[in-house]
Amino acid sequence: MTARPRLRFAPSPTGPLHLGGARTALYNWAAARAMGGTFLLRIEDTDQARSSEQSLRIILEALRWLGIDWDEGPERGGDHGPYLQTERLDIYRRYADRLVAAGHAYECFATAEEVEEGRQRLQAAGERPMYDRRHRDLSDAERDALRRERGPGSLRFRMPLDQVQVLPDLSKGDVSINLAELDDWVMVRPDGMPTYNFACVVDDLEMGITHVVRGEEHLMNGFKQAVLFERLGAEPPRYAHIPLILGAGGKKLSKREASVDVLEYRDKGYLPEAVFNYITLLGWSFSGDRDVFTKAEMLERFRIEDIGTKGSRFDDAKLRWMSGDYLRRLSADELVERVRPFVHGVVPDAAFETQPGLVRNAVRCYQERAELLAEFAEKLGWLFADRVEPDDDARKKLAKSPDAPRWLADYAALLETSALPPSWPDDRTAADAFFELPSSADRPAPAGTAPCLGPRELEARCRAFAEERGIPFGQLVHPVRAALTGTTKGPGLFDVVFLLGRRVAVERLRALAGGSAQPA
RNA sequence: GUCCCGUUCGUCUAGUCAGGCCUAGGACACCAGGUUUUCAUCCUGGUAACAGGGGUUCGAAUCCCCUACGGGAUGCCA
């Protein structure tokens, strides 16, 4: 085994990329990269009825989103192409002819009804239901007669019936089965189109595949394929059959409990690094005490043999947490760039160009309060809205302070004469460049001459204002927040005041002060 | 039904191949506390597992057998 490792992911383009498929792709990719080998993509589109170009595009897009790249395959080419099975039909035909000539394959003319009938009979006898091999030993004359009568048949593999097949599995160890338990499977359909097991073997052979990581549902296929390799006088790749990803109920993951489509996670604003990291963890662990790691770190340790043998359940809560964890590590610039596609209509497009500092400060204020990028659209709404309405929680807090309207009016008067930053869309570049939000206790105040009051100074003045009037600070803060944002949660209140700027802050305080029917 | 595979906290897992370092470690979730103008972040602590039964051994989560349960396959789908 001195050959350079070659691994492949071979999706069939019959729908979106499923989480399970993504994990399979990821493990093959990681194994190839970790071993310094080649990773290629092969498209198994022999089911013409269900395959579509659209699905193929979506699958490639999903792989790219996850950061899984390929050395050979669609849109990339390579020395072992073509990489679409429907473009390799002449290769399969060559192999089929060879197998027939050697007596390892035979033509079968059984109708669907006849096959079904044979199955029933075997099952009734307590045996494994399968094609009953009725045309396995046709004489030449019988075969010619059937072909004349029924047209071309399908090509079936002549399974050796007296052999125990051992399949060395990198994940499970040696697995074995009595080949008589397996049927004489169809290799080529009557119309000449190969089936999965046949095309897969031919391609793995022709493409020099050395290792295959795939779902456990292929274990039985593994036996069939290994025998075919044998008949072809070749070594099969090293297989690793890994368990499926299950849903919360322990059954196969279904759309009901979670999205199974990888791109749906993109659209919901999960970070791709997190999705990558999380699905890697479904069956493999980085170390005993760390769950979050970079791709590079993973590649230093990844080995196919270490993939787990147990089916794992998909847990959206942990994925979300992980997405949030990655979100928090993003630099300010990266964060803004990632958030941008998710906040159309909430943050004016122009703001990204004319007041990038404001946008950055606003977005950063939610970096520790979000897990998904899509959350920024909901959370940032108050900042650029024409006006805000208190939500239910905010109303409740307001109701607890009957004096709030008067305080708000007075506080508005104070702010009106304070040196606050300008409000959007006025130019406030200087303010945002000087003060970096979110402000926090462990972040030192910027040095130099401030162009206006910053959050700290605003807070100090507000505290003084409250003390002067004998208002408990805590009771002042909630109505102010309700007036400014309409909510009870969010960034530090004085970050909010700062972001809003003088004109809008004053406006909103007065709107609520006047609007809540001040008792005489 | 038949064949194949699997079984450590609620979930993902470390430990199993080379039996003692395991009164079983970490993470998510959950609960309690701390920080705080809210929410969140952050910090501290807590609850919680070797499926069951037989062996082998001085000693078993780790090796063997059986049972139970779960998953997969049984397609001219992949």
Side-chain angles (χ1 to χ4, degrees), chain A residues 10-12 14 44-47 49-51 108 110 112 115 119 122-131 153-156 167 169 171-173 175-178 181-183 185-191 193-197 199-200 214-223 241 243-244 246 248 250-252 278 281-292 305 308-315 317-322 324 328 366-371 379 393-394 397 438 440-442 459 462-463 473-478 480-482 485 487-494 496:
Chain A
S12 64
T14 52
E44 311 215 319
D45 55 350
T46 54
D47 183 348
R50 295 195 298 155
S51 295
C108 164
V115 171
R119 256 187 216 118
L122 287 170
Q123 177 149 26
E127 292 176 56
R128 301 203 65 201
M130 57 177 146
Y131 167 63
S154 56
L155 210 58
R156 285 185 183 268
L167 190 69
D169 190 289
S171 167
K172 298 177 186 297
V175 182
S176 60
I177 196 172
N178 186 340
E181 299 284 350
L182 268 20
D183 69 348
W185 47 279
V186 171
M187 293 176 12
V188 183
R189 301 173 171 100
D191 66 0
M193 190 59 73
T195 62
Y196 166 71
N197 280 120
C200 179
R214 71 206 333 185
E216 209 168 32
E217 74 264 29
H218 287 297
L219 187 57
M220 294 295 171
N221 292 327
F223 292 117
H241 291 97
L244 276 30
L246 311 172
K251 306 278 180 196
K252 213 166 175 174
Y278 179 72
L281 245 23
L282 257 23
W284 185 78
S285 85
F286 178 78
S287 73
D289 57 5
R290 247 183 88 190
D291 281 349
V292 179
E305 296 88 325
T309 53
K310 190 182 116 191
S312 44
R313 302 180 189 217
F314 178 82
D315 180 19
K318 184 155 183 175
L319 207 208
R320 288 184 72 108
W321 166 80
M322 197 171 273
R328 269 169 253 132
Y366 285 98
Q367 185 157 20
E368 294 188 339
R369 281 168 251 262
E371 295 177 317
K379 294 183 190 292
D393 287 345
K397 291 230 165 158
S440 68
D442 46 330
E459 174 171 355
C462 184
R463 282 183 191 276
F473 184 63
Q475 283 187 46
L476 172 62
V477 148
H478 299 300
V480 172
R481 177 184 297 281
T485 71
T487 70
T488 57
K489 24 182 142 177
L493 183 59
F494 302 96
V496 167

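Below, all heavy atoms of this structure are taken into account, side chains as well, without hydrogens, waters or symmetry copies. Since this is a predicted model, take the numbers as computed values, not measurements. Below, chain A is the first sequence line, B the second, and so on; all start at residue 1.
- Contact annotation for A:Asp289: backbone-only contact, meaning every heavy-atom pair under 4.0 Å involves sugar-phosphate atoms and none involves a base.
- B:U8 and B:U13 are spaced 9 Å apart, taking the C1' atom of each and rounding to whole Å.
- The gap from the C1' atom of B:A32 to that of B:G71 amounts to 38 Å, rounded to the nearest Å.
- In this structure, A:Arg156 satisfies the cation-pi test against A:Tyr131, with its NZ or CZ atom closer than 6.0 Å to the six-membered ring centre and inside 45 degrees of the ring normal.
- Taking atom P in both B:G33 and B:A68, the straight-line distance is 47 Å, to the nearest Å.
- When each of A:Lys172, A:Glu216, A:Arg214 is tested with A:His241 by the rule side-chain hydrogen bond (donor to acceptor under 3.5 Å, both in side chains), just one qualifies, namely A:Arg214.
- A ring-centre distance under 6.0 Å is not found for A:His478 and A:Phe473.
- Pairing for B:U41 is absent, with no Watson-Crick or G-U wobble pair whose two atom distances lie under 3.5 Å.
- Nucleotides B:G53 and B:G15, compared at atom P, are 26 Å apart to the nearest Å.
- The existence of a salt bridge linking A:Arg328 and A:Glu368 is excluded, since no basic side-chain nitrogen approaches an acidic carboxylate oxygen closer than 4.0 Å.
- Atom C1' of B:A61 sits at a distance of 14 Å from the matching atom of B:C9, rounded to the whole Å.
- The pair A:Arg128-A:Asp183 fails the salt-bridge criterion, with no side-chain N (NZ, NE, NH1 or NH2) lying under 4.0 Å from an Asp/Glu carboxylate O.
- In this structure, B:C50 forms no base pair with any nucleotide, since neither Watson-Crick nor G-U wobble geometry is met with both distances under 3.5 Å.
- Along RNA chain B, the stretch of nucleotides lying under 4.0 Å from any heavy atom of chain A spans, 5' to 3', B:G1 to B:A78.
- Distance noted for atom P between B:A14 and B:U62: 16 Å (whole Å).
- Comparing the C1' positions of B:U16 and B:G25 gives an interatomic distance of 15 Å, to the nearest angstrom.
- Neither side chain, A:Thr195 nor A:Asn197, offers a donor N or O lying under 3.5 Å from an acceptor on the other.
- Residue contacts shown for A:Leu155 are absent, as no nucleic acid heavy atom lies under 4.0 Å away.
- Nearest-nucleotide assignment on RNA chain B puts the 5′-proximal partner with A:Glu127, out of A:Leu219 and A:Glu127.
- For A:Gly311 and A:Ala10, each mapped to the nucleotide of RNA chain B holding its nearest heavy atom, the one lying further toward the 5' end belongs to A:Gly311.
- Contact annotation for A:Thr488: base contact, defined as any heavy-atom pair under 4.0 Å involving a base atom.
- Under the Watson-Crick or G-U wobble criterion, with both distances below 3.5 Å, B:C58 is paired with B:G20.
- A 3.5 Å limit on both hydrogen-bonding distances identifies B:G6 as the Watson-Crick or G-U partner of B:C69.
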